[in-house]
Amino acid sequence: MAVVFEKTKGLTDAPFHYCPGCTHGIVHRLVGEVLEELGVLGTAVGVASVGCSVFSYNYFNCDMVQAPHGRAPAVATGIKRCLPDNVVFTYQGDGDLAAIGTAETVHAATRGENITVIFINNAIYGMTGGQMAPTTLPGQITQTSPYGRDTATAGHPIRVCEMLATLDGTALAQRVSVDNVKNVMAAKKAIKKGFENQINKRGYSIIEVVSTCPTNWGLSPQESIQWLRDNMLPYYPLGVYKDVTEGGSSHE
Amino acid sequence: MSKTWNVLLAGFGGQGVLFSGKLIAYAGLLDGKEVSWLPSYGPEMRGGTCNCSLVVSDDPIGSPLVVTPDVLVAMNLPSLDKFVDSVVPGGTIIVDSSMIEKKVERDDVTVYYIEAGKLARENEIEGCDNIILVGKMFKELGFCTEESLFKAVDKCVPARKTAMIEVNKNALKIGINA
Amino acid sequence: MSEKVLMKGNEALAEAALSAGCRHFFGYPITPQTEISAYLAKRMPKVGGVFLQAESEVSAINMVLGAAATGHRAMTSSSSPGISLKSEGVSYIAGSDLPALIINVQRGGPGLGGIQPSQSDYWQATKALGHGDFQLYVLAPSTIQEMVDFVPLAFEVGEKYRVPSMILSDGMLGQMMEPVTLPDSDSATASDKPWAVTGHKNQRQRNIANSLYISTTELERLNIERFQRYDEMKKHEQRAESYLTEDADVTVVAFGASSRVVRSAVNAARAQGIKAGMIRPITLWPFPVDAIQKTIETTKEYLCVEMNMGQMVDDVRLAVEGKRRVCFYGRTGGVIPTPAEVLEQIKTLAGKEA
């Protein structure tokens, strides 16, 4: 009988712990498929960051290091500087990347650190139970913005790709989503480009995936997808913010 | 009998206090002595007072910080004022009298006045006041062998400034003859 | 063996790191450790190594974490306030069972404190450089030669027991020059690191450098296992110098810079007919309990001398087990005690008029 679908070798057999409707699972699979397709599972080293995805070291079928909260880009830098020919990636959430790890993120990017960053933006802290994130939308209710995020006191959400696109060391800054099949395919293409950039020594690539958190948003999986389309995508427009392979300036 | 020299060199930052200290330390090292060199460091190095503790000894050196020097080389007035009373009775003070007009009022120490700045200018080796003072200190106290003192210059002058080797050796000679 | 050269402690230590095969340095500027960074910034590119000035101490130590996870010899250096910032990363390194070298060229604290020499990070280094149940292997050099010799030792012992190592120096040792013999280049002994995260090449199980264990029993088991290694270190890795202690009535305990002052004071006391001696802990952790306990029978009075308000004195008292009085003399804030001050203390304890 012909095999019509086979799970990627890029993931282990450990069952995901993620909530129903959470998009981590889809993104994990895309990363795993890309690593397998590029034939780099044997040389890949992933860096798991603090947040729901900290357990990604159980799922990606490659060597892994678990980093302190926000420090994944620094840990990845240490690994990459020792193993320049290995493929090194981080998998970070919004609190990790854009709050506690902002300095590490900005400086890894501006150094043109030759790593690939998968950034899950779901506008909330998931693992700790739904607090306001740096990317929580204005007016969005969370455990620590119970009356809705008031930009007068809590400030404005950060648009990470737009910010990092201003840095000379950034090779690719692209925002994608996995809310429908077309976008899933586009996301995979972007992730693949992010890893290819690294293999071609182009510098820092970040793929921001606008994601859902049904549990902490208090919505069903289907409602979450709709909420993402209605609220997240207008604030965080999908698109390529910088791409040195498309005529942009290379950091080298 | 074992002998320990506790030397304090003091002046402004930029006068070469640390370099002359290094020269003395290297001379001691080449003689097979125990030596230590401890600079003052931090903001005071920038234009303020700068000093350097030096110990040259036949025995292993305990504290490298010279609190009560046997020898004080004073290269400016604030340094002389600050350290003059800390010199041990019977000790030696070498004063750069082109920088310091004041005379030392103690009578239990030996004081040598030398116009190092003037001698440097006359011999067209301006900026070598510090080395002239080391030459003077060597002449009066003989803390090392002459061979090691001159060899120390070769060790201390960085490779990119080899032209300064002869200049410094000349400065030592001027100090020795002063 | 190469000839003796005159070198600053910080620079000699940096050169020793290269000889020990360290090719990855991550740091951030702070006085008085600056010369280590500056020296390695100059030398690393010449030997094909990596010098990286990080955006913060926090990043620097996490770069060390990443580099150490790959099995490479990695180090960072800082001074007291910067070490506090590194404490998070140090805890993760310890929790991930990775060897790495951290240099602390101590200055006065707390807070921004001062920039002059101090030993006030003893507690931090030996008790709690970060959260959780863990220890570092801590070496306290007292000469520039030890600043050099302890670098390969710190790497080797750290790798043997898979613990982070610290060389606890201070502004005096960092800034001073003394004659020193540098080791031959690349005299490093490499050890097997089957745990290293290098990519599995499809030939082995995945390696994971991790400090997260949600299962209480698993975390407890790992902590117990780690403390069994610490027990081995306590058994085999204690180091101390005993100086004139055999017949000493007054035994002074001092480490690092203050031990130099104490050595002068002990010599002066002996010259006056007072039987004084010194125990100099070389490993601050594991603390050289054995060397101290050997002297309890013969010692009448202990004196602990430190450049802080009294930190190691706790460990001396624990080692003496209440069998003798342990007094303390210290200067703090960057003040270096003088031999004369320590001599006064010794004389008082020896029952001689000060």
Side-chain angles (χ1 to χ4, degrees), chain B residues 1-2 4 6-9 18-46 50-69 86 88 144 148 151-160, chain C residues 3-10 31-35 79 105 107-108 114-117 142-145 170-181 241 243 252 254 257-269 271 278 280 305 307 331 334-343:
Chain B
M1 184 178 159
S2 68
T4 297
N6 290 300
V7 183
L8 191 63
L9 305 166
L18 302 183
F19 182 80
S20 42
K22 192 175 174 184
L23 193 61
I24 295 168
Y26 238 115
L29 166 66
L30 293 170
D31 276 347
K33 308 259 187 183
E34 302 285 343
V35 299
S36 70
W37 173 100
L38 177 71
S40 60
Y41 62 87
E44 66 178 10
M45 283 172 72
R46 292 162 187 102
C50 169
N51 67 73
C52 179
S53 285
L54 267 167
V55 184
V56 180
S57 179
D58 293 326
D59 303 316
I61 294 163
S63 177
L65 180 68
V66 174
V67 186
T68 51
S86 65
V88 296
C144 65
S148 294
K151 225 170 131 188
V153 175
D154 301 328
K155 293 279 183 186
C156 291
V157 174
R160 62 187 144 71
Chain C
E3 65 167 332
K4 280 196 170 182
V5 291
L6 198 60
M7 247 177 138
K8 265 194 173 191
N10 281 341
T31 304
Q33 68 78 50
T34 313
E35 294 83 1
S79 294
V105 184
R107 55 189 256 185
I115 59 167
Q116 296 304 319
S142 70
T143 62
I144 308 308
Q145 191 63 55
D170 63 69
M172 183 172 107
L173 291 164
Q175 297 294 326
M176 72 182 277
M177 285 203 273
E178 260 183 345
V180 62
T181 307
E241 178 197 356
Y243 179 67
V252 190
S258 54
S259 75
R260 300 182 65 113
V261 178
V262 168
R263 194 184 304 272
S264 298
V266 164
N267 289 340
M278 174 176 74
R280 177 172 71 90
V305 176
M307 281 149 56
R331 298 298 301 267
V335 180
I336 299 169
T338 66
E341 288 167 14
V342 177
L343 179 61

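Chain identifiers are assigned alphabetically (A, B, ...) following the order of the sequence lines, protein sequences preceding nucleic acid strands; residue numbering begins at 1 within each chain. Remember, predicted model here, so these are calculated numbers, not experimental data.
In this structure, NZ on C:Lys4 lies 11.5 Å from OH on B:Tyr26, to the nearest 0.5 angstrom.
Heavy atoms of B:Lys22 lying under 4.5 Å from chain C belong to its backbone as well as its side chain. Heavy atoms of B:Val67 lying under 4.5 Å from chain C belong exclusively to its side chain. Contacts of B:Ile61 with chain C are made by both backbone and side-chain atoms, with heavy-atom separations under 4.5 Å. Using a 4.5 Å cut-off between heavy atoms, C:Val262 makes no contact with chain B at all.
Between chain B and the options C:Ser259, C:Ala265, C:Gly171, C:Ala340, the largest number of non-hydrogen pairs under 4.5 Å is found for C:Gly171. Listed options C:Met177, C:Lys8, C:Met176 were ranked by heavy-atom pairs under 4.5 angstrom with chain B; first place goes to C:Met177. When each of B:Cys52, B:Ser36, B:Gly28 is checked for heavy-atom pairs under 4.5 Å with chain C, B:Ser36 comes out on top. Interface check for chain B: of the options C:Gly9, C:Pro32, C:Pro339, the most heavy-atom pairs under 4.5 Å are formed by C:Pro32.
In terms of heavy atoms, C:Val5 sits closest to B:Leu29 at C-CD2, 4.1 Å. In terms of heavy atoms, C:Pro179 sits closest to B:Val35 at CD-O, 3.2 Å. The heavy-atom pair separating C:Arg260 from B:Gly62 by the smallest distance is NE-O, 2.8 Å.
For the pair B:Ser63 and C:Thr338, the minimum side-chain heavy-atom distance is 4.5 Å or more.
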